[in-house]
Amino acid sequence: MSETSRERMESWLRYADDLGLSPFFRDRAIVAAVAVATIDVPSGAVISEPMPKPKQTSSSDSARGLSSASAASVAPKAIVPPAKAPFVPAGATLFPIAAAGPSLFEAAERIENDSMERIRGDIGDCTRCKLHEQRHHIVFADGDPKAELVFIGEGPGHDEDMQGVPFVGRAGKLLTQMIEAMGLKRGDVYICNVVKCRPPENRTPEKEEVATCSPFLMRQLDVVRPKVIVALGSCAAQTLLQTTQGISRFRGEWLEFRGTKLMATYHPAYLLRNPAAKSEVWKDLQKVMAVLGLPPRKSAPPA
Ligand code: SF4
């Protein structure tokens, strides 16, 4: 194996280890040595792009209190068994979604004693995908890490990128109104995105970008352990459910992700373009309110 291939292999091992995905290569030196001794990569073959080790967290992130842990300071990760048996809510439709295959996320093991500080520290000043190139801030999350309700969007837009906080632009204001229409405050819920850096021109994140960044989202969800997840828009829903089907095929149905009830509904940005769809979203949120034990409310989000 060439020196470059060895570096790539080691970089991948570091990356996966940072995500807590594989306990079997705990001793990287041993595995790297085994890999070097046993794997013969044909000349010109591409393994993958290396995943650089996270750098220091930026000062702006520190100011938001999200950067206290670093990968180096974190205790070795103990692995606990995978999630409990899937929970199927009463009245759920027989899952209509054709999954692309066994989900990495469904199978991923939970990291014992994981925390938001640890996850943020592992992200560091991330350059793992090309979305880092034009970002101003990594947009980690907002709200209560112990919330019963989590909203997940696609990725930061311009305002979020500039402020380092998710859902603060026009779509974010509508989301806040929706939360308040449910009888909650924004600080009562946890809000995050599939990717943590703004895609240029607000384009949809590419498959590789989602695959690279979303393991951090999975760890966030494992730390919060909410009662209900609301996936806002196709990107979030398709990422969690590992499907390529359009959100309109399963919007409004109770689904499940790692033992947690999941409701997929339209993204607030879609509602800004299609206000008529707000009534559908309000119906979905009323179902969420019922599960959370929130009193019914007549007032829908503003038109
Ligand atoms: Fe890293 Fe995620 Fe940003 Fe890509 S989107 S650079 S994986 S934090």
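Numbering of ligands and ligand atoms starts at 1, following listing order. What you see below is based on every heavy atom in this structure, not just the backbone, and it leaves out hydrogens, waters and symmetry mates.
Within the listing of ligand 1, atoms 7 (S) sit less than 4.0 angstrom from a heavy atom of T212. Near H132, meaning under 4.0 Å from any of its heavy atoms, are these atoms of ligand 1: 6 (S). Listed by number with element, the atoms of ligand 1 under 4.0 Å from a non-hydrogen atom of R135 are 3 (Fe), 6 (S).
Under the rule for a side-chain hydrogen bond (donor to acceptor under 3.5 Å, both in side chains), the partners of E206 that lie at least two apart in sequence or sit in another chain are K130.
Contacts between K130 and ligand 1 below 4.0 angstrom, taking non-hydrogen atoms only, are absent altogether.
Judged by distance alone, with hydrogens and angles left aside, the side-chain atoms of Q134 form no donor-acceptor pair with the main-chain N or O of P199 at under 3.5 Å.
Here the side chains of L131 and P200 are in contact, with some heavy-atom distance below 4.5 Å. Taking the side chain as every heavy atom from C-beta outward, E154 and N202 never approach each other to under 4.5 Å. With a 4.5 Å cut-off on side-chain heavy atoms, V281 and L271 count as touching.
Considering each of C213, C129, G155, the one bringing a non-hydrogen atom nearest atom 6 (S) of ligand 1 is C129.
Among the atoms of C197, none of the N, O or S atoms falls under 2.8 Å from atom 2 (Fe) of ligand 1. Checking C126 against atom 1 (Fe) of ligand 1, an N/O/S atom falls under the 2.8 Å cut-off.
Look at R198 and D159 and you find no salt bridge, because none of the NZ, NE, NH1 or NH2 atoms lies under 4.0 Å from a carboxylate O.
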